[in-house]
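If you're wondering where the values come from, they're calculated on a predicted model, not measured in any experiment.
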Protein chains: 2
Amino acid sequence: MSNVKSSRQTRILAELVNTPSLRVAELAQQLDVSTETIRRDLDALTELGLLNRTYGGAIRRLSSEPPVHERHNLFIAERGRIAAAVLPLITSAKVLIIGSGATTVHVAQRIAAQMQDVTVIAHSFGVAQALAVNRTIKILMLPGSYNADEDTMLGAHTVAFLNNLYADTAILGASGLGNDGPSDALLETGAVYTAMVARAARTLVVADHSKFSLVFPARYAAWRQINHLVTDEPPEGALLKALQENHVAIEPVST
Amino acid sequence: MSNVKSSRQTRILAELVNTPSLRVAELAQQLDVSTETIRRDLDALTELGLLNRTYGGAIRRLSSEPPVHERHNLFIAERGRIAAAVLPLITSAKVLIIGSGATTVHVAQRIAAQMQDVTVIAHSFGVAQALAVNRTIKILMLPGSYNADEDTMLGAHTVAFLNNLYADTAILGASGLGNDGPSDALLETGAVYTAMVARAARTLVVADHSKFSLVFPARYAAWRQINHLVTDEPPEGALLKALQENHVAIEPVST
DNA sequence: ATACAAATGTTGTATTTACAACATTTGTGA
DNA sequence: TCACAAATGTTGTAAATACAACATTTGTAT
C-alpha cells in the first residue's frame, strides 16, 4: 500500500474522532482527492472494521459493537436471526418471562426495538439492560442470589417468587437440547427455568444448532412442556423425532 | 404529541441500539410510514439531542452518557473516605442491607476488599457487581421494577420482599440531609429505604457534605431511626442540632 | 528506461435522498 | 357534529450519492 494512501486513511480516522459523521464529498474536498478515492478508502476501512459506513459517508466505529475478530463468529449472526424469528410468535403477548443466556439477550434487544407496553419478568441483568432502552416496557426483576458468572438471580428465592407470578409466554435458552428435553449446565439455573416453564402458558426455547444433541446436568423440562423451538438449522435424527413426538413446533420451519 | 408518533420515535431509538446506522428508506419500510415522516422524526429527535443525523439516515448519539455516570465523577475522593470510615462500624455484621447511589457503591467496593462471608441484601446492580469480586460474599438481590436511570429495583415488590428479611445493619445513601431526616429525590426509592430502615437493627446513612441541609420529596426516615451518619465534613447549625438531639453518631468525629 | 501493477481520476448513468409545497387524514375540544 | 390543528402522505424537482467502466498517473522492480 502506498504511503500517501495509508496516511490519508489515517487522516480520515482522525477526523472521525472529532466529528461523529463525515460525508464522502466533504472528505474528498478536504483531502483534495476524488470522491471515488474516498469511497474506496471508506470501503477498505470498513473491511478492516475501523469504521462504519453510512449512505453518503462514514461514522466512527461504535464501542458497543463486537470486536473485529468476533465479526466472523458465526453464532452472533445466528442468534440475531433466531431473535428475529421469535418476534412473530409473541406479537400478542402482554407478559413475558425471559431467561438468561446470550441468545435471550438478543431476543430482548429485538423486543425492545419492536414491541411496546409489555411487561417482562427477568432474572438476568443483561436482559433487563437490553429492554431498558424502551421506556414503554415494564421490567420486573426477580429476586435471588446474584451469580456474577451468569449475571443472573438464582436460588430458592427466585423460584418462590416466580410461583406467585403468571405469564403468557416464557422464552428460555439452553446449554443443550437432548432427546428428552432442553438442559442447562448449572443446576440452579435449571431449577429457575423449571419454575418459569410452570408459570407460563406457553414456552419457547431459543438455541442455535451448536446445542443440538448435547446433554447437560440440569434437564429443566420435558419436550412435551415446550411449545416452540426457535433455532437456525433444522434438527435431525433422534432429536427431530423427539420434537415431533412431543408436538414441539420448530421455527423457522425452513431454512 | 400523538401516541403513535412518540411510540414510533421510541422504536427508532431502540432500533438504533442494535444497529449503528439506519437509513431513512429502511425505517420507512419497517415502520410502514412514508419517508417524509421518518425524516421529520429524525429531525425532531436530533433537535432533542437523542441521535445524530447523517445523509440518508441517522446514527446513535455518540458523545454523551447517561446522567448516572456523571454523578460518579463528583466527589470521588470524598466518597472514598466515607466508605473507608464505614468499615470499622460494621466489622461484626453478618447480614447487611445496602441501598443505592454512588456512595453506597464505594462502600460495596470497600466491603468486597476487606470483609468475608457476609450476606448482603441489595437492590442496586452497581452494588451487586462491586461485591461480586469477592466470592465469599453472598448477594441477595431484591425483586422489583427495574429503573434504568438509577439502576435499581423499586416498587411494591421490593418493599414486600424486604418485609420478610432481617439484617444487622442497613447502609443507605441520601439525596439530601434535612433537619427532620434524610430524603431522596425519588418517591419510590424513599419507600424502599423506609422498608430497609425498618428491617435492620441499625441504620447508617452515608452522604458527602454537598447533601447537607438539602430537602427532597421523599423523607424516608426520621433522624431518631438513624444510628450513624458517615460523612466527610462535620455538619453545622440546625442540622447538627437535629442530629445531636436524636442521638445520631457522626462519623468520623473529626476530619 | 521499460514494463507492469497499484493507485487514482474521469465520465456517464442509475439510485437515492433532500426539500418544498400542497393534499389528505387523524385527533381533539367546543 | 363541526371546526381547527396536528400529523402524515403525496408529488415534483434539485442535489447528492453509488456504481461501473475506462483513462490516466504513480510507484516499483528488473
Novice: Any Lys/Arg nitrogen of A/Asp43 or A/Arg53 sitting under 4.0 Å from an Asp/Glu carboxylate oxygen of the other?
Specialist: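 Salt bridge: yes.
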Novice: Any heavy-atom pair between the side chains of A/Asn147 and A/Met153 that's under 4.5 Å?
Specialist: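 Side-chain contact under 4.5 Å: no.
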Novice: For the OG1 atom of A/Thr104 and the CD1 atom of A/Ile82, what is their distance to the nearest 0.5 Å?
Specialist: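 With rounding to 0.5 Å, OG1 (A/Thr104) is 11.0 Å from CD1 (A/Ile82).
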Novice: Between B/Asp32 and B/Arg8, is the closest basic N to carboxylate O distance under 4.0 Å?
Specialist: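 No, no charged N to carboxylate O under 4.0 Å.
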Novice: Given D/dT17, D/dG9, D/dA20, which nucleotide is nearest the side-chain atoms of A/Ala25?
Specialist: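 Of the options given, the side chain of A/Ala25 lies nearest D/dT17.
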Novice: What is the distance, to the nearest angstrom, from the CG atom on A/Leu31 to the P atom on C/dG9?
Specialist: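 In whole Å, C/dG9 P and A/Leu31 CG are 10 Å from each other.
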Novice: Using whole Å, report how far CG of B/Leu27 lies from P of C/dT17.
Specialist: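 Taking CG of B/Leu27 and P of C/dT17, I get 11 Å after rounding.
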Novice: Given D/dT8, is OP1 or OP2 found less than 4.0 Å from the side-chain N or O atoms of B/Thr37?
Specialist: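 Answer no for this pair, as no side-chain N or O of B/Thr37 is under 4.0 Å from OP1 or OP2.
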Novice: What's the closest nucleotide to the side chain of A/Tyr55 if the choices are C/dT10, C/dA20, C/dT16?
Specialist: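 Looking only at side-chain atoms, A/Tyr55 lies closest to C/dT16.
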Novice: Nearest whole angstrom, please: distance from the C1' of C/dC19 to the CG of B/Leu42.
Specialist: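 It is 15 Å, rounded to the nearest whole Å.
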Novice: A/Asp32 CG to C/dT10 P: how many Å, rounded?
Specialist: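 The answer, rounded to whole Å, is 10 Å.
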Novice: Is the shortest side-chain N/O distance from B/Arg8 to OP1 or OP2 of D/dA7 below 4.0 Å?
Specialist: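 No, outside the criterion.
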Novice: Could you pick out which residue, B/Thr35 or A/Thr35, lies toward the 5' side of DNA chain D when each is mapped onto its nearest nucleotide?
Specialist: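 By nearest-heavy-atom nucleotide position, the 5'-most residue is B/Thr35.
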Novice: Nearest whole Å is fine: how far is D/dA23 C1' from A/Glu36 CD?
Specialist: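 The answer, rounded to whole Å, is 14 Å.
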Novice: For the side chain of A/Arg40, starting at C-beta, report the closest nucleotide among D/dT8, C/dT10, D/dT11.
Specialist: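 Comparing D/dT8, C/dT10, D/dT11 against the side chain of A/Arg40, the answer is C/dT10.
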Novice: Between atom CD1 in B/Ile38 and atom P in D/dT8, what is the gap in whole Å?
Specialist: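 Taking CD1 of B/Ile38 and P of D/dT8, I get 10 Å after rounding.
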Novice: Between D/dA16 atom P and B/Arg23 atom CZ, what is the distance in whole Å?
Specialist: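 Going from CZ in B/Arg23 over to P in D/dA16 covers 17 Å.
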Novice: Would you kindly give the CG-to-P distance between A/Asp41 and C/dT8, to the nearest whole Å?
Specialist: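 Rounded to whole Å, this separation is 7 Å.
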Novice: Please check if the side chain of A/Thr136 supplies one atom and the backbone of A/Asp117 the other of a donor-acceptor pair under 3.5 Å.
Specialist: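 Side chain of A/Thr136 to backbone of A/Asp117: a pair is present.
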